[in-house]
Amino acid sequence: MTEDAVVDVPDRDLLTIGAFAARARLSAKALRLYDRLGLLSPAYVDEATGYRYYRAGQVERARLVAMLRQLDMPLARIAEVVAAGDGPTAAELLGAYWADVEARVAGQRTLAEYLRGRLSGRSSEMYRKFAVETVDVPEQVVITEKRHTLADELPTWIGAALGRLEEAARECGGMTGVPYVAYHAEVSMESDGPAEACVPVADEAAARAWVERHGRAWETAVRVEPARRLAYTRITKAQVAHPQILAAFEAVEEWMAAQGLAAAGPCRELYFADWEAAGADDPVCDVAFPVS
């Protein structure tokens, strides 16, 4: 006997899985999957046979789940949308998801264009957009926060970590230089660094005392950075976005190679401007390598 067979059920208004699938324009296999995922449960399951039965009023929910899955929406977010029911809350949840999708696709489109330029041999043409210079930085006492993080979490962590360290600098004699983030290994969607947020401060003893109080909570440390020469290029807020920033790093590396210079430490991003107040075309960051 199949699951569509007519058996004795407590409510004659219930539909077999086959009849319901036909109304919802879905397959019985899809309905079983939605049940297993907790997205659409049958109205009644026969204890003896295990057959599933649905109400006609569940058709719209079944169709909604199917359409949301066509948007590649994660199951947890589908559950949030369908739980919200019809109305502005569900619409806002869908809108927020789709804004994330469009942002991701925009980033992927830019990355594809960047890679096309590299693969077609136009890298030098891209690098010429960046002016590279050197600057000497004196010895500095820095308070730091280090974290293993993937690329999608990196911008949020940078803002939060530098904010915490800049606040701490008030207890350490004040800031004496530009905050920066050093990369001790690659940060991407496959590699998690680590990255290290750094803020130069005036009072080494106060900095060590602050780290002693807060080191466990935020993985903070203090050290004396030796005087360094940096090769750097200045970029705008728009260029900080991935993958434009990759081209900036590569432009500095190409310039270093042409000058016979070698990297003498982890690459870094120095944030010298008010990020929130800056416009897309305003300079906000120096992409740099310590050199020798």
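- Taking the side chain as every heavy atom from C-beta outward, W255 and T134 approach each other to under 4.5 Å.
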Step by step, work out the side chain to side chain contact (heavy atoms under 4.5 Å, CB included) result for Y271 and V181. CA-CA 8 Å; Y271 291 95; V181 177; 4.2 Å; yes

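- In the hydrophobic clustering, V45 connects to no other residue, as no ILVMFWY side-chain heavy atoms lie under 4.5 Å from its own.
- Looking at E196 and T144, their side chains do bring a donor and an acceptor atom within 3.5 Å of each other.
- Taken from CZ in R32 to CZ in R52, the straight-line distance is 6.0 Å, to the nearest 0.5 Å.
- Atom SG of C198 and atom CG of L165 lie 8.0 Å apart (nearest 0.5 Å).
- L93 and I78 fall within a single hydrophobic cluster, where Ile, Leu, Val, Met, Phe, Trp and Tyr side chains are chained together by heavy-atom contacts under 4.5 Å.
- Annotation: the span from D136 atom CG to R229 atom CZ amounts to 4.0 Å, rounded to 0.5 Å.
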Quick one: do L26 and Y34 satisfy side chain to side chain contact (heavy atoms under 4.5 Å, CB included)? Show the steps, please. CA-CA 11 Å; L26 296 168; Y34 298 169; 4.0 Å; yes

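- Scanning all heavy atoms of the two residues, the minimum distance from P266 to Y183 falls at CB-O, 3.2 Å.
- Between the S292 side chain and the A264 main chain, no donor and acceptor come within less than 3.5 Å of each other.
- No donor-acceptor pair closer than 3.5 Å links the side chain of E253 to the backbone N or O of A248.
- Here the side chains of F272 and D286 are in contact, with some heavy-atom distance below 4.5 Å.
- Without hydrogens or angle criteria, D282 side chain to G279 main chain gives a donor-acceptor distance under 3.5 Å.
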Using the rule given for side chain to side chain contact (heavy atoms under 4.5 Å, CB included), can you reason through R228 versus R268, listing the C-alpha separation, both sets of side-chain angles and the distance that settles it, and then say yes or no? CA-CA 13 Å; R228 296 183 182 277; R268 58 192 62 188; 3.9 Å; yes

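- A pairwise comparison of heavy atoms in A231 and V291 identifies CB-CG1, 3.8 Å as the closest pair.
- Separation of atoms CG (D35) and CD1 (I17) is listed at 8.0 Å; rounding is to 0.5 Å.
- Relative ring orientation between Y44 and Y53 is described as tilted, the plane-to-plane angle lying within the 30° to 60° band.
- Side chains of T149 and D192 form no contact here, defined as non-hydrogen atoms less than 4.5 Å apart.
- Atoms SG and CH2, on C172 and W210 in that order, are 7.0 Å from each other to the nearest 0.5 Å.
- Side-chain contact check for L14 versus F20: every heavy-atom pair is 4.5 Å or farther apart.
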Side chain to side chain contact (heavy atoms under 4.5 Å, CB included), that's the test. Do F249 and T233 meet it? Break it down for me. CA-CA 8 Å; F249 275 112; T233 188; over 6 Å; no

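- Linking ILVMFWY residues whenever their side-chain heavy atoms come closer than 4.5 Å, directly or via other members, places V222 and V224 in the same cluster.
- The neighbour count for E47 CD, taken as heavy atoms of other residues, nucleotides or ligands under 6.0 Å away, does not exceed 12.
- Heavy-atom minimum distance, A62 versus L40: CB-CD2, 3.4 Å.
- Of the possible polar contacts, one joining the R61 side chain to the L39 backbone as a donor-acceptor pair under 3.5 Å is found.
- L270 and V135 fall within a single hydrophobic cluster, where Ile, Leu, Val, Met, Phe, Trp and Tyr are joined by side-chain heavy atoms under 4.5 Å apart, directly or via other members.
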Run R234 and E269 through salt bridge (charged side-chain N to carboxylate O under 4.0 Å, His left out) and show every step you take. CA-CA 10 Å; R234 183 153 292 183; E269 298 163 6; over 6 Å; no

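- Cluster membership for L75 and M73, using ILVMFWY side-chain heavy atoms within less than 4.5 angstrom, is shared.
- With hydrogens and angles ignored, the 3.5 Å screen pairs a side-chain donor or acceptor of K237 with a backbone N or O of A278.
- For the residue pair V187 and G193, the shortest heavy atom distance occurs at CG2-CA, 3.7 Å.
- Taking both residues in full, the closest heavy atoms of W157 and K146 are given as CZ2-C, 4.3 Å, listed atom of the first, atom of the second, then distance.
- At most 12 non-hydrogen atoms from other residues, nucleotides or ligands lie less than 6.0 angstrom from CZ of R23.
- Between the R208 side chain and the R223 main chain, no donor and acceptor come within less than 3.5 Å of each other.
- When the options R170, R164, E171 are evaluated for a side-chain contact (heavy atoms from CB on, under 4.5 Å) with E167, the one that passes is R170.
- Residues V284 and I235 have side chains not in contact (no heavy-atom distance under 4.5 Å, counting atoms from C-beta outward).
- Under the side chain to side chain contact (heavy atoms under 4.5 Å, CB included) criterion, L71 pairs with L68, L94, Y97, W98, sequence neighbours left out.
- Side-chain contact between V137 and E225 is absent, with no heavy-atom pair separated by less than 4.5 Å.
- The shortest distance between side-chain heavy atoms of T220 and I143 does not fall below 4.5 Å.
- Scanning all heavy atoms of the two residues, the minimum distance from V240 to C285 falls at CG2-CB, 4.0 Å.
- Rounding to the nearest 0.5 Å places CG of L154 at 10.5 Å from OG of S188.
- Residues W275 and V199 share a single hydrophobic cluster, defined by chaining ILVMFWY side chains whose heavy atoms lie under 4.5 Å apart.
- Within a 6.0 Å sphere centred on CZ of R77, other residues, nucleotides and ligands contribute more than 12 heavy atoms.
- When side chains are defined from C-beta on, Q58 counts as touching Y54, because their heavy atoms get closer than 4.5 Å.
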